[in-house]
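For reference, the structure discussed in these notes is given below.
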Amino acid sequence: MKYSSGPQVPTMPKDGPDSVEVRSRGSDARQFSPSAARNCGPIREVLTRVLPKKGIALEIGSGTGEHVICFAKALPGLVWLPSDPDSASRASIKAWSTTEGLANVRAPVAIDVREGVWGVENDAPFDAMISLNMVHIAPWEAALGLLAGAGRLLRPDGVLVFYGPFMLGGIHTAASNAAFDADLKRRNPRWGVRDVNDLVGEAAPLLELLELVEMPVNNLSLVFVKAGPPPA
């Protein structure tokens, strides 16, 4: 996932945020993310608990594609639609999907969440949406667009999950997160660790924060639910 041009930047240490890194490449188009290998298990545990067991799930900012493969194996009743605005990332997702041969992972699509139309409206309503390690390495407008899109495209009682480093009430949860935030803003003043309160405020009234889950290396999972009863 890439929302602005520029070189890849080094991986953060394991005791801090793990979401901005140099990817390695195989002999094909597949890319390999050190952080995806580390955090797949903990995120999978949350998703298997909070996501519906069947339906269609849209991933925003799928990156290398390693996460969607991990989750599709754990939740085979869900059809997974990965997306990324970066063409090299989409090629990696497609290569991973081809290698693994999973029938419940669809071809990746290009979505810029800042746009009012995402190009996946014919697949809506979605039962779930996830966005991992995205909102802090994109402009704030991307977070606003993502929330608006979830409000439009999730079914009533559908689930939206964020994962990454976040502030709580304007305070960083760890010194490493504060350092990471400062580094992000040096790289791009439009980036930065987002505050949970800001996301909750912008999500209302269509989306409600249902759960906040503490994760390894000072990250959080935020579980939102769309207001309204589920379809009959």
Side-chain angles (χ1 to χ4, degrees), residues 1 17 19 39 42-62 67-68 71 74-75 77-83 111-118 120-121 123-173 177 181 192-216 218-232:
M1 186 260 329
S19 55
N39 62 34
I43 299 171
R44 179 181 59 209
E45 290 181 11
V46 173
L47 297 184
T48 55
R49 181 172 58 82
V50 304
L51 294 192
K53 303 305 179 187
K54 61 181 181 179
I56 181 167
L58 173 65
E59 183 180 20
I60 300 297
S62 298
H67 275 147
V68 74
F71 306 149
L75 289 160
L78 281 173
V79 175
W80 291 84
L81 176 58
S83 73
I111 294 178
D112 185 334
V113 291
R114 296 169 294 186
E115 300 295 330
V117 176
W118 290 2
V120 294
E121 282 71 13
D123 294 300
F126 294 98
D127 300 277
M129 290 174 56
I130 67 171
S131 181
L132 315 178
N133 282 327
M134 189 278 272
V135 295
H136 57 282
I137 53 172
W140 177 238
E141 291 78 14
L144 297 179
L146 198 161
L147 291 169
R152 291 193 311 269
L153 301 176
L154 277 175
R155 68 170 174 84
D157 209 36
V159 176
L160 168 67
V161 178
F162 288 104
Y163 166 86
F166 295 95
M167 290 190 291
L168 294 172
I171 300 172
H172 288 288
T173 61
N177 283 15
D181 186 38
V193 173
R194 308 305 179 187
D195 195 302
V196 172
N197 289 1
D198 292 337
L199 292 169
V200 170
E202 294 291 346
L206 289 180
L207 300 164
E208 177 185 357
L209 181 64
L210 189 65
E211 188 175 353
L212 186 152
V213 185
E214 292 186 1
M215 305 293 288
N218 305 312
N219 289 299
L220 297 172
S221 288
L222 312 179
V223 183
F224 288 84
V225 64
K226 184 174 178 180

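- R49 has a carboxylate O that lies under 4.0 Å from a charged side-chain N of E211, or vice versa, which qualifies the two as a salt bridge.
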Exercise for the section: Check step by step if side-chain contact (heavy atoms from CB on, under 4.5 Å) holds for L160 and L147. Expected result: CA-CA 9 Å; L160 168 67; L147 291 169; 4.0 Å; yes
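- Remark: the backbone N or O of W118 is paired with a side-chain donor or acceptor of E121 at under 3.5 angstrom.
- Not counting sequence neighbours, D195 has no partner by the salt bridge (charged side-chain N to carboxylate O under 4.0 Å, His left out) test.
- A salt bridge between R155 and D127 is present, with a side-chain N of the basic residue lying under 4.0 Å from a carboxylate O of the acidic one.
- Interatomic distance, CD1 of I43 versus CG of L132, reported as 5.0 Å (0.5 Å rounding).
- Note that CG of L47 is 7.0 Å distant from CG of L75, once rounded to the nearest 0.5 Å.
- In terms of heavy atoms, P125 sits closest to L154 at CB-C, 4.0 Å.
- With hydrogens and angles left out, the side-chain atoms of N133 and Y163 include no donor and acceptor closer than 3.5 Å.
- Evaluation of the ring-ring contact (aromatic ring centres under 6.0 Å, His included) rule for F166 yields no partner, not counting sequence neighbours.
- When all heavy atoms are compared, the tightest approach of A150 to M129 is CA-SD, 3.7 Å.
- For the atom pair CG of N39 and CE of M215, the computed distance is 7.5 Å after rounding to the nearest 0.5 Å.
- The closest side-chain heavy-atom distance from L168 to N197 is not below 4.5 Å.
- Note that CG of N177 is 6.5 Å distant from CG of N219, once rounded to the nearest 0.5 Å.
- Nearest heavy atoms, R152 versus G116: NH2-O, 3.2 Å.
- Residues E115 and V117 are not in side-chain contact: their nearest non-hydrogen atoms beyond the backbone lie 4.5 Å or more apart.
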Problem - side-chain contact (heavy atoms from CB on, under 4.5 Å) evaluation trace for V113 with M134 - result: CA-CA 11 Å; V113 291; M134 189 278 272; 4.2 Å; yes
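- Note that CZ of R194 is 8.5 Å distant from CG of D181, once rounded to the nearest 0.5 Å.
- Aromatic ring pairs are classed by plane angle as parallel below 30°, tilted from 30° to 60° and perpendicular above 60°; the pair F224 and F162 is perpendicular.
- Shortest non-hydrogen contact noted between V193 and P165 is CG1-O, 3.5 Å.
- Rounding to the nearest 0.5 Å gives a distance of 8.0 Å between CG of L81 and OG of S62.
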Exercise for the section: Before giving the answer on side-chain contact (heavy atoms from CB on, under 4.5 Å), spell out for V161 and L51 the whole-Å C-alpha distance, their side-chain angles and the decisive distance to 0.1 Å. Expected result: CA-CA 9 Å; V161 178; L51 294 192; 4.1 Å; yes
Exercise for the section: Check the pair L58, I111 against side-chain contact (heavy atoms from CB on, under 4.5 Å), reporting the backbone distance first and the verdict last. Expected result: CA-CA 11 Å; L58 173 65; I111 294 178; 4.0 Å; yes
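- When atom types are taken as modelled, the side chain of K226 and the backbone of V159 share no donor-acceptor pair closer than 3.5 angstrom.
- Nearest approach of L206 to G151, heavy atoms of both residues: CD1-CA, 3.9 Å.
- Between V135 and W140, every side-chain heavy-atom pair lies at or beyond the 4.5 Å cut-off.
- When all heavy atoms of A57 and L78 are compared, the pair lying nearest together is CB-CD1, 4.3 Å.
- Side-chain contact of N218 with H172: a donor-acceptor pair under 3.5 Å is absent, judged by distance alone.
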